[in-house]
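Below is one structure; the comments refer to it alone.
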Amino acid sequence: MSSEIESRAVAAYLGLALGDALGATLEFMTPREIVAQYGVHRRIVGGGWLRLRAGAVTDDTTMSLALGEAILACGGQVDALSVAQAFDAWMRDKPVDIGNTVRRGVLHYRQTGQAVVVMDEQAAGNGACMRVLPVALALFGKEEAHVREACRIQAQVTHNNPLSDAGSFAVARLVQGALSGMGLAPLHAQVIRPLIEEQPVFAFRGRRVENPSGYIVDTLRAVFQALFDNDSFESSLVDVVNRGGDADTTGAIAGMVAGALYGLEGLPGNWLASLDREIRVRCTEQARALLRYSPQFQAVGPR
Ligand code: MG
Ligand code: MG
C-alpha cells in the first residue's frame, strides 16, 4: 500500500514535468496554429517561443522543485519566509521564464523582506497553482483546513487572491484524492463540486475552453474538461495542451493530477525517455522525500 502511494506520488511529479515539457512547445499558440504546424501535438520535441531543448521544462517544474526544497528544509512545514527565500534564489538562477506576478512577488520580498504580497484583484494568475504539488505530497493525510492553509501560505508569497487560493487548494485535493486511490467520479463529487459551490466561476461544463489564458479560472476550466473527459494520462495531456494558450501550465497541472490518478504505468515510455534526465531524477527523489512527512504515508508503514 505504501509503495502504491509512493509510485503515484512519483508519477504525479513526473506528470507535472512531462506536461510542462510537452506543452511548452505550444505555449501562446492558438489551436488553429497548432493544427497547421503539428496536426495533433503528441511528442516531446522542445522548441516553442522559449526555443527549448527536447525534454527541457520551464518555471512550472523548477518553481515546484524550489518550493519542495524549502518544505524539506523546514522539516515538512510550509513556512512563508523560507518559501520566499527559495523563490528569490530560484529567480537569481535565471530560469528560462518567469510569470509577471511571480516576478512582482519576488521583487516585493527583496524590497520589503515581507513574504506575503498584498491582496490583489488582478493577481488571479495560475502561477501559485502550477507549483502546489510539493504541498500536496508533504501534507497528504493532514486535515483539510491544514492543507488549505499551507496552500494559501505558499501561494501568497506571489499571488494573493481568493480565486488563486481556491484553485490551488482544489488541485492539491485532487492530487491527494488520487494518491489515495480515488477515481474521477469521487474526485468530482468530493473536490470539484465543493470548489464550484465556493467559487461558481470554476464550473467547467459547456463550451470547450480553447486558448486558455494564464487566468486561473480559464486554466482550470480547460484542465478539468481534459481530465474529466478522458480516461488516460496520455489522452488527458494531449487534449489539454492542444488547446494552446498557456499550454505548459495547463499541461503541468493536468499532468500532476493525471500522474497521481493513473500512476507510473500510465506515463508514456517515450515521453519519459525524452524528459531531461536531471529533472527526471530530481522530481523522483523529491516526491519520495516529501512523502516521508505525509501522515497518511507513514500510517500505512514503510515497505
Ligand atoms: Mg512555464
Ligand atoms: Mg505557462
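Since the model is a prediction, treat every value here as computed from it, not as a measurement. As the structure lists them, so they are numbered: ligands from 1, and atoms in each ligand from 1. Just so you know, residue 1 is the first one in the sequence shown, and it goes up from there.
Residues Asn161 and Asp120 fail the side-chain proximity criterion, which asks for heavy atoms closer than 4.5 Å. For the pair Arg131 and Val102, the minimum side-chain heavy-atom distance is below 4.5 Å.
Note: His188 and Phe228 have perpendicular aromatic rings, judged against thresholds of 30 and 60 degrees for the angle between ring planes.
For Val117, the side-chain contact (heavy atoms from CB on, under 4.5 Å) partners at least two apart in sequence or on another chain are His108, Asn160.
Under 4.0 Å is where a charged nitrogen must lie from a carboxylate oxygen, and between Glu198 and Arg193 no such pair does.
Residue Gln114 is tested with Val116, Thr112, Val118 for a side-chain contact (heavy atoms from CB on, under 4.5 Å); the sole match is Thr112.
For the Mg ion (ligand 1), protein N/O/S neighbours under 2.8 Å (waters excluded) are Thr58 OG1, Asp59 OD1, Asp60 OD1, Asp248 OD2.
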